[in-house]
Number of protein chains: 2
Amino acid sequence: MREKKLSIIDLAKQLGTSATTVSFVINGKGKEKNISTALIEKIESLVAELNYQPNALAKSFRTGKTMTIGFIVDEIAQPFFSGIARFIDEKASAYGYNILFSSTKNSKKKGSEILQVFNERCVDAFIIALPNGLEKEVEQIISTDVPVVLFDRYLPALESDYVLIDNENSVIEATNHLISNGCKHIAFVTIETDQMQMLDRTIGYEKAIKAAGLESYLKKIDYQNKAHSVSEIADFLKQNSQLDAIIFSCNYLSMDGLDAIATTNLKIGEDLAMVSFDDLDVLRYFKPAITAVIQPLEKIADKIIEILIYRLRDNAVKDKLKVILNTNLEIRASSKAKITTAVDVLNK
Amino acid sequence: MREKKLSIIDLAKQLGTSATTVSFVINGKGKEKNISTALIEKIESLVAELNYQPNALAKSFRTGKTMTIGFIVDEIAQPFFSGIARFIDEKASAYGYNILFSSTKNSKKKGSEILQVFNERCVDAFIIALPNGLEKEVEQIISTDVPVVLFDRYLPALESDYVLIDNENSVIEATNHLISNGCKHIAFVTIETDQMQMLDRTIGYEKAIKAAGLESYLKKIDYQNKAHSVSEIADFLKQNSQLDAIIFSCNYLSMDGLDAIATTNLKIGEDLAMVSFDDLDVLRYFKPAITAVIQPLEKIADKIIEILIYRLRDNAVKDKLKVILNTNLEIRASSKAKITTAVDVLNK
DNA sequence: TTTATTTGCTTAAACGTTTAAGTATAAACA
DNA sequence: TGTTTATACTTAAACGTTTAAGCAAATAAA
């Protein structure tokens, strides 16, 4: 049923010329290869008339280029990742690249499988938010000169191009914001992990707290599921009734935090200031709206593509690039100036 | 730098056998093709030892199959689409397929370009939330026996496999829910469009209102941007102060609706019951939580993949399939039983 | 006029698989 | 015993491009 598709050879036969010539013209090398203008025009008009579409498979096979970029993240449904995916697609398309994606579920095994499959499929480049433990696999890919840009998290053992945000300073800024609003007992809730971006956030918190001479309230959650996380946070709040502010180190913890706070009689923005690392629609619509550290999604995507295009054009062995972007602390009602008590005022 | 990759011919040479035999064994056809167990084992162990990875490009080129599915939606960053994408990836991976995605921004031109590019890349199948006006292009693809499953929206002029939800009955159910809670002046806010799924939702509203003998309050917004939409909804609310319930026909209108209602002195769940078509985290965390018509994302993905695999295995000319799934009306505080006034009670 | 260069093409190989068709030997059958 | 069938492979073509190498004619340079 399926009609045999037109090949470059069919075109050549119809015009009484060779496949080579047709190939040159189709690829815009007519002039360069000294094809006469007359023939160029004849070929181009036939291509248009017959709506010839080159067989991308044959082309890829021959050239080894697929014009495909592998995009690997924890979970495409997470707003942060789908937001990045959106811009990556937009910008990569402009260069003729398409995006093949898959989700690792933050599993080393799944991540390794995806790396292998995408590699076998000869993607021209990788964009990855890499689970820990896959340094060797990625190194292997880099060693074959396939460009790789990692984002969101940093793997100290892995020499590679990176696009990251300044996690430490972002949290320092958030913490200082709370401190300058009079908060004295600021908690930081994070997950038990060895992912660098999370550790850096914690470091930022501790530095800011120490610099201000305040007491540190650090809560690490061994993340199992939402219910467990909510109850851990709720318990933590109950056991630390002196807290006047709380920072959550990532967006899903912020959501769990909202649920946990709802089980207490604490009023966000009044009894307890709150800041979320990572923004979400929920945080903007919540009453009161929740202050958030916002990652510059479009800029991240921009930088990633910029680096990839640079590497794809001329991947001479050069130093690896490490781009670190600033975040934006969007101050909303949840952390606006607190009514400081008389005692606080006197203490100043 | 890049080492020449191992080919099937290299393996054959090393073993003193032919490429054909190696190919048979690698593809698990050793037994079927009468290759001796001894040789099968020798080949398999060499493959393992040298970690031979077949060149997927050559394979695709030869077979015409890419093991790739094109996934085309309005905008991958929209939670509905990224939610579907997640399950599509999960389920397609299980069959060895990977997902190439791109976003049309609901533009006919962009959609048409993506269709063409994916087609040239020989994706084995398409999953599409199709903008209006591309019926011809999709028909052309279907005519070449490439499986296409459309979802989210129905194009009456296009004979194809579809996975849809029952828009009309979902809204009827939502409207009846409000009616049974005593609402008498129920508005329906939708967009000016010719997309069938939206029209069906409106039809559901009007049927339910008519059946109950109530007055219809239908507001169609010519969607330009969020600010305009919010102000249109706010005006509509102010001009119809008798309203006691409002239904939004899609998730972004629900968000705009929340913003609009915030500009009035109406209290959701008290003065005004609210229902959203499509769920969002925002709606669950909002105070009060907003009742929503929830689409069964995983089931939708399941059905899509089921149909595709069926078509990919044996795409004999058979009637097109149309799967229509039920939604789930999740009742939350925003639409819980209203306190009916004395007048209402007496009127019964 | 002879030689070198440019113009305008073509030939043929290569990319790594799959697979139809074939071959040679061994086993089974008549 | 001769014939068929099964076993265990191999040969070679094909998929549609790209591209290095080459060639003939026209033009320019010497």
Side-chain angles (χ1 to χ4, degrees), chain A residues 2-44 46-47 50-68 96 119-122 124 144, chain B residues 2-44 46-47 50-67 96 119-122 124:
Chain A
R2 197 185 298 219
E3 279 185 49
K4 191 115 171 41
K5 274 186 71 177
L6 224 46
S7 87
I8 226 169
I9 297 178
D10 300 323
L11 294 183
K13 275 186 191 150
Q14 283 199 42
L15 289 166
T17 181
S18 75
T20 301
T21 305
V22 176
S23 172
F24 285 157
V25 172
I26 285 172
N27 291 299
K29 296 185 190 165
K31 277 262 154 344
E32 172 192 340
K33 297 285 182 179
N34 289 321
I35 310 300
S36 66
T37 351
L39 186 50
I40 290 181
E41 276 167 16
K42 260 174 47 182
I43 292 173
E44 281 176 347
L46 189 67
V47 163
L50 301 181
N51 187 28
Y52 162 77
Q53 295 185 348
N55 181 323
L57 253 42
K59 192 166 180 159
S60 289
F61 171 49
R62 173 59 223 236
T63 62
K65 296 284 147 218
T66 55
M67 299 307 283
T68 298
N119 206 29
E120 279 175 28
R121 282 165 175 275
C122 304
D124 292 342
T144 62
Chain B
R2 196 184 296 221
E3 278 186 49
K4 190 109 175 49
K5 276 186 72 176
L6 223 47
S7 87
I8 225 169
I9 297 179
D10 299 324
L11 294 184
K13 275 185 191 150
Q14 283 200 43
L15 289 167
T17 180
S18 74
T20 302
T21 305
V22 176
S23 171
F24 286 155
V25 171
I26 285 171
N27 292 297
K29 296 185 189 164
K31 278 259 147 4
E32 173 193 339
K33 298 284 184 179
N34 290 319
I35 311 299
S36 66
T37 352
L39 187 49
I40 290 182
E41 276 167 16
K42 259 173 46 182
I43 292 174
E44 282 175 346
L46 188 66
V47 163
L50 301 181
N51 187 28
Y52 162 77
Q53 295 185 348
N55 181 323
L57 254 41
K59 191 165 180 159
S60 289
F61 171 51
R62 173 60 223 237
T63 61
K65 296 284 148 215
T66 55
M67 298 307 282
N119 204 31
E120 279 175 27
R121 283 166 174 273
C122 304
D124 291 344

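By convention in this document, chain letters (A, B, ...) are assigned in the order of the sequence lines, proteins followed by strands, and residues within each chain are numbered from 1.
- Summarising the geometry, atom CG belonging to A/L57 is positioned 15.5 Å from atom CZ belonging to A/R62; distances are rounded to the nearest 0.5 Å.
- In this structure a side-chain-to-backbone donor-acceptor pair under 3.5 Å is missing from B/S23 to B/A19.
- Contact check, A/T21 against C/dT10: a side-chain N or O comes under 4.0 Å of OP1 or OP2.
- Residue contacts for A/N55: at a heavy-atom cut-off of 4.0 Å it reaches the sugar-phosphate backbone alone, with no base atom in range.
- Rounded to the nearest 0.5 angstrom, A/I9 CD1 and A/T20 OG1 are separated by 9.5 Å.
- In terms of position on DNA chain D, the residue among A/A19 and B/A58 whose nearest nucleotide sits closer to the 5' end is B/A58.
- Across all strands, B/K29 comes closer than 4.0 Å only to sugar-phosphate atoms, never to a base (heavy-atom distances).
- Phosphate contact (OP1/OP2 of C/dT18, side-chain N/O of B/S23, threshold under 4.0 Å): present.
- Within 4.0 Å of A/L39, counting heavy atoms only, lie sugar-phosphate atoms of the nucleic acid but no base atom.
- Atom pair B/I8:CD1 and C/dC15:P shows a separation of 15 Å (rounding to whole Å applied).
- At the phosphate of D/dT18, OP1 or OP2 sits under 4.0 Å from a side-chain N or O atom of A/N27.
- Between the side chain of A/R121 and the backbone N or O of A/T66, no donor-acceptor pair lies under 3.5 Å.
- Atom CD1 in B/I35 sits roughly 14 Å away from atom P in C/dT19 (whole-Å rounding).
- Taking atom CD of B/E32 as the reference point, atom P of D/dT7 lies 13 Å away to the nearest angstrom.
- Atom NZ of B/K13 and atom P of D/dT10 are 14 Å apart (whole Å).
- Summarising the geometry, the separation between CG on B/L6 and C1' on C/dG16 is reported as 12 Å, rounded to the nearest angstrom.
- By the 5.5 angstrom centroid cut-off and the 30-degree plane limit, B/F61 is classified as not stacked against the base of C/dC15.
- The CG atom of A/N55 lies 11.5 Å from the CG atom of A/L6; values are rounded to the nearest 0.5 Å.
- Taking side-chain N and O atoms only, A/Y52 has a distance below 4.0 Å to OP1 or OP2 of D/dT17.
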### Task
Go through the steps for B/T17 and B/K42 under the test side-chain contact (heavy atoms from CB on, under 4.5 Å), then give the verdict.
CA-CA 11 Å; B/T17 180; B/K42 259 173 46 182; over 6 Å; no
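- As a whole-Å value, the separation of B/D10 CG from C/dC15 C1' is 13 Å.
- Remark: A/K59 is not in phosphate contact with C/dC15, judged by side-chain N or O atoms under 4.0 Å from OP1 or OP2.
- Rounding to the nearest 0.5 Å gives a distance of 11.5 Å between CG of B/N34 and OG1 of B/T21.
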### Summary of protein contacts for nucleotides 21-28 of chain D, nucleotide by nucleotide, where a base hit scores B, a sugar-phosphate-only hit scores S (4.0 Å, heavy atoms)
--------
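- Following rounding to the nearest Å, B/R62 (CZ) and C/dG16 (C1') show an atom-to-atom distance of 11 Å.
- Backbone-only engagement by B/T17 is indicated by non-hydrogen atom pairs under 4.0 Å involving sugar-phosphate atoms exclusively.
- A distance of 6.5 Å separates CG in A/L50 from CG in A/L11, rounded to the nearest 0.5 Å.
- Taking atom CE of A/M67 as the reference point, atom C1' of D/dT17 lies 16 Å away to the nearest angstrom.
- Taking only side-chain atoms of B/S18, from C-beta outward, the nucleotide of D/dT11, C/dT17, D/dT17 with the closest atom is D/dT11.
- When the side-chain nitrogen and oxygen atoms of A/S7 are compared with OP1 and OP2 of D/dG16, none of them lie within a distance under 4.0 Å.
- In this structure, B/K33 does not reach the D/dT7 phosphate: none of its side-chain N or O atoms is under 4.0 Å from OP1 or OP2.
- Of the side-chain N and O atoms in A/S36, one or more sit less than 4.0 angstrom from OP1 or OP2 of C/dC9.
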